[in-house]
Participant: 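I have a structure here, written as structure tokens, and I will follow up with some questions on it.
Atoms within a ligand are numbered from 1 in the order they appear, just like the ligands themselves.
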Amino acid sequence: MRIILVGYGVVGKGVTTILAKRYSEKVRDYGFNPKIVAIADIDGAVINPRGLSPEKLEAIKQRGYPISADPEFGKPGTPALEVIESVEAEVVVEVTPVNIKNAEPAISHITKAFKTGKHVVTTNKGPLALAMPALTELAEFNNVYLRFSGTVGGGTPMLEFAKRCLAGDRILGIRGILNGTTNYILTEMSQNHVNFQDALFNAQKLGYAEREPSMDIDGFDTGCKVVILSNWIMNKKITLRDVDRTGIRDVTLQMLEDAAKRGNTIKLIGAIDGEKATVKPTEIPLTNPLCVSGVLNAITFQTEFAAEQTLIGRGAGGIETASAVLRDLLDIRRKLAKNY
Ligand SMILES: NC(=O)c1ccc[n+]([C@@H]2O[C@H](COP(=O)([O-])OP(=O)(O)OC[C@H]3O[C@@H](n4cnc5c(N)ncnc54)[C@H](OP(=O)(O)O)[C@@H]3O)[C@@H](O)[C@H]2O)c1
């Protein structure tokens, strides 16, 4: 499997690391032989049809140069779109920054990959939040696969659990804590009696929150995940505009203290209930399995036969999310093997 990696940041580096670490096991167990033939980032690209060496690229980055400065295979200034179009490969792994205004540059990368007959694995929520129904249709039309398990739950297999493990059941509703940053802030507020601004400042100091934190605290990130779950698991055709969304800016210490007196706490819950898709601060019992602390994520599937099933795990992290990319690559590998 020849792979073009677009984006070489936290997740991109995690992908090269995990592919190198698990390489021999995967060849042995699945006959899966991945080869990264090109990497493109904002400055340009490196291309080698025989496969690139992540160690060499890492050394170039460590010296403060872009990867396209590689003297042998570097192509400074070559845009990702050109790489996707011109380099022969089976899969594009798209891991550029999220953008929920117009989903660029990821949406152009993904559509270019489809149109040139390449499968796509992405961890980027932007294109899915804004255009998931159209993208899944375009993938089908071009006879290629689109996989995105790292977009919800990071390395925790929330999408696969629902799609595969609960396949014999019927999922009636979904509720989840899908954003680690807001969960950290609410945990700090409720357990350490820190006000919202101070809790946000702590989250920023620890690198859990961005300097511009709106994506997390106004519930956009959770909203994107609700859209992905709705489309993929509940067969709805919705986008971010259809999600009724409230963030956590107005949650006060007083509200949390009142909730605590009732044996409850307040969490930012993303939910799909019938036709409604919502994100809002919600009071839940402290004894509810969904009630996880800190940056953890949790999701509960309400099913017709197996009652409630809850999955808990880390919702982000470079290597964690890269493990979801590898899971998706193996899934595509299995699907392709069946089609031969
Ligand atoms: N980090 C996590 O834990 C996590 C978890 C789940 C999902 N995700 C999602 O995964 C994606 C990647 O996250 P990340 O943390 O790896 O981000 P990141 O560290 O910011 O890396 C993004 C990479 O994309 C490159 N890039 C930016 N614009 C580009 C363009 N036009 N063409 C080609 N490359 C471009 C950047 O290059 P420069 O560095 O040169 O700007 C950088 O190499 C995001 O959509 C994020 O939301 C991340």
Participant: Please tabulate, line by line, the atom pairs linking an N/O of ligand 1 to a protein N/O at a distance below 3.5 Å, with the distance in Å to 0.1, or answer 'none'.
Facilitator:
residue: ligand 1; atom: 3 (O); partner: G317; partner atom: N; Å: 2.7
residue: ligand 1; atom: 10 (O); partner: T123; partner atom: OG1; Å: 2.7
residue: ligand 1; atom: 16 (O); partner: V10; partner atom: N; Å: 3.1
residue: ligand 1; atom: 16 (O); partner: V11; partner atom: N; Å: 2.8
residue: ligand 1; atom: 19 (O); partner: V10; partner atom: N; Å: 3.0
residue: ligand 1; atom: 34 (N); partner: I42; partner atom: N; Å: 3.4
residue: ligand 1; atom: 43 (O); partner: Y8; partner atom: N; Å: 2.9
residue: ligand 1; atom: 43 (O); partner: Y8; partner atom: O; Å: 3.4
residue: ligand 1; atom: 43 (O); partner: G9; partner atom: N; Å: 3.2
residue: ligand 1; atom: 45 (O); partner: T96; partner atom: O; Å: 2.8
residue: ligand 1; atom: 45 (O); partner: V98; partner atom: N; Å: 3.3

Participant: Check for me whether K13 meets the cation-pi criterion with Y8, that is, NZ or CZ under 6.0 Å from the six-membered ring centre and within 45 degrees of the ring axis.
Facilitator: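 Checked: cation-pi criterion met.
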Participant: Any side-chain donor-acceptor pair under 3.5 Å between T96 and E94?
Facilitator: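 Checked: T96/E94 side chains pair up, N/O donor to acceptor below 3.5 Å.
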Participant: Looking at F305, does the NZ or CZ of R170 lie under 6.0 angstrom from its six-membered ring centre and within 45 degrees of the ring axis?
Facilitator: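 No; the conditions do not both hold, so R170 does not lie above the ring face of F305.
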Participant: Are the side chains of T151 and N124 in contact, using a 4.5 Å heavy-atom criterion?
Facilitator: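 A side-chain contact under 4.5 Å is absent here.
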Participant: May I ask you to check whether over 12 heavy atoms, not counting those of R314, lie within 6.0 Å of atom CZ?
Facilitator: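 Open: at most 12 neighbouring heavy atoms sit under 6.0 Å from CZ of R314.
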Participant: Please list, chain by chain and in numerical order, all residues satisfying salt bridge (Lys or Arg N to Asp or Glu O under 4.0 Å) with D221, sequence neighbours excluded.
Facilitator: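 Partners of D221 under the salt bridge (Lys or Arg N to Asp or Glu O under 4.0 Å) test: K125, K225.
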